[in-house]
Number of protein chains: 2
Amino acid sequence: MAGTRLFAERGYEGTSLSAIAHRAGVNKAMVSYHFGGKRKLYLAIVAATFDDIVGRAEELPALRRPAPELLRRLIALIAETATRRNPHFPVMMLREVLAGGRHLADGTLGYPLRVADVVRRIVERGIREGAFRPVNPLLTHLSLIGGLLFFFATAPLRHRLIATGRLGTSEPDAADYVRHMQDLLVEGLLARRRSRRGRTLMTVS
Amino acid sequence: MAGTRLFAERGYEGTSLSAIAHRAGVNKAMVSYHFGGKRKLYLAIVAATFDDIVGRAEELPALRRPAPELLRRLIALIAETATRRNPHFPVMMLREVLAGGRHLADGTLGYPLRVADVVRRIVERGIREGAFRPVNPLLTHLSLIGGLLFFFATAPLRHRLIATGRLGTSEPDAADYVRHMQDLLVEGLLARRRSRRGRTLMTVS
DNA sequence: GTCTATAGGCTGATAGAC
DNA sequence: GTCTATCAGCCTATAGAC
């Protein structure tokens, strides 16, 4: 889909039919003719983007593997989608949740819920099996997905900062970030005998 | 600033001067008169939003406290900003990094860098002191900030899903998420004798 | 199917009265 | 300072030729 990149880079309102038609090498009347207008084109792109990743993620809980391994697999799966299958997925997803689903029909709105459900099933299995400490699955989901989407969605900004010599390092490797998130989550959720948890510090003096 | 909420909810291109003027109860000619146009108004709002949180975060490394505590404080500080000082900060920040800094002048572009630098200094101190395992500070920064911004920026979507009865639970408490992120990060970065790390699983069969 | 031409509306900016 | 009126430009959608 030609408009995917434009919608990802500039958002729904920031992208005009003229720009899409120009990039696709056709006339802008063609876009309305084939997709029924800008809104319908956008919805088709979002659905195609989310369907792939959510469908693949939902296959994971059926595997009879230990929860920590499933969590590692889910992280790798999302990263593989973001790097190879559809580089625009993280930005599209973040743009949609930022909009609060204002653009979306009810069916499309459920995609984030389905991902949250996959994480919930994996985390609850890990707690049941004694591998994870008793942690809130929804909060785990939010930190996991948030950390992953943020990494891939901010790649263009990092490239710009690197090009102007303002980011000390070079672009971190996606595989390194996958390992980082896998280790952070699995180590951070691990059940232990003597926990050091309990310090809140919500108040900042 | 009256336009803050509109820019946060609908983005730069999705917000018109007419809408801002209407919400502020003035004429749209007034907005251009006082701020010099839509772009300058937006830049002023972004700068005001980022200045507060970045400035406060940069005071942390000067404190002579253990690194894990500083990390907990940083998380609490960002959450306090997002809940009490400026509820629109997470969405504004995410929108800007998604745009790759396209809207921003060079000075404003540096705000994310300054937050990353605070995390880097805390993490490097933790490694030096033997509290943290040798972890990449930039990757730590990305997972930390990504997880935090995602939680607060997705609150409107969650409210909508809860209102239509599609999210099983009620809205999670912000203080609970702060504790979750504090525990996840500090536990996940903790130095241990026998590490279980090393499984990559980047390839998903 | 693919194009050009155009309609009708909204945008941001500004001139000018008060 | 604050307003109304207006400008030129862009937007999406579509009618109609081929």
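Keep in mind it's a predicted model, so treat the numbers as computed, not measured. The figures here come from the full heavy-atom set of this structure, side chains too, leaving out hydrogens, waters and symmetry mates. Chain naming here is simple, since letters A, B, ... match the order of the sequence lines and numbering starts at 1 in each.
- Here the C1' atom of nucleotide D:dA13 and the CE atom of A:M30 are 15 Å apart, to the nearest Å.
- When the shell of 6.0 Å around CZ of B:R125 is examined, it contains more than 12 heavy atoms from other residues, nucleotides or ligands.
- A salt bridge is defined here as a Lys NZ or Arg NE, NH1 or NH2 lying under 4.0 Å from an Asp or Glu carboxylate O, and A:E187 with B:R133 fails to meet this definition.
- For the pair A:Y33 OH and C:dT2 C1', the interatomic distance rounds to 9 Å; values are reported in whole Å.
- Scanning residues 10-27 of chain A for heavy-atom distances under 4.0 Å to DNA chain D yields A:T15, A:S16, A:L17, A:S18.
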### Query
Stepwise, does the side chain to side chain donor-acceptor pair (under 3.5 Å) test hold for A:T154 with A:R158?
CA-CA 6 Å; A:T154 51; A:R158 280 196 300 278; 2.8 Å; yes
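- Residue A:R102 places its CZ atom among more than 12 non-hydrogen atoms of other residues, nucleotides or ligands, all under 6.0 Å distant.
- Look at A:R114 and A:D117 and you find no salt bridge, because none of the NZ, NE, NH1 or NH2 atoms lies under 4.0 Å from a carboxylate O.
- Of the residues in residues 34-45 of chain B, those with a non-hydrogen atom less than 4.0 angstrom from any atom of DNA chain D are B:H34.
- Among residues two or more places apart in sequence or in another chain, the side-chain contact (heavy atoms from CB on, under 4.5 Å) test is passed with A:Y12 by A:F7, A:K38, A:R39, A:Y42, A:H103.
- Taking OH from B:Y177 and NE2 from B:H180, the interatomic distance works out to 5.5 Å, rounded to the nearest 0.5 Å.
- In this structure, B:L109 and A:L157 have side chains that are in contact, with non-hydrogen atoms separated by less than 4.5 Å.
- Atom NZ of A:K28 is separated from atom C1' of C:dT4 by 11 Å (rounded to the nearest Å).
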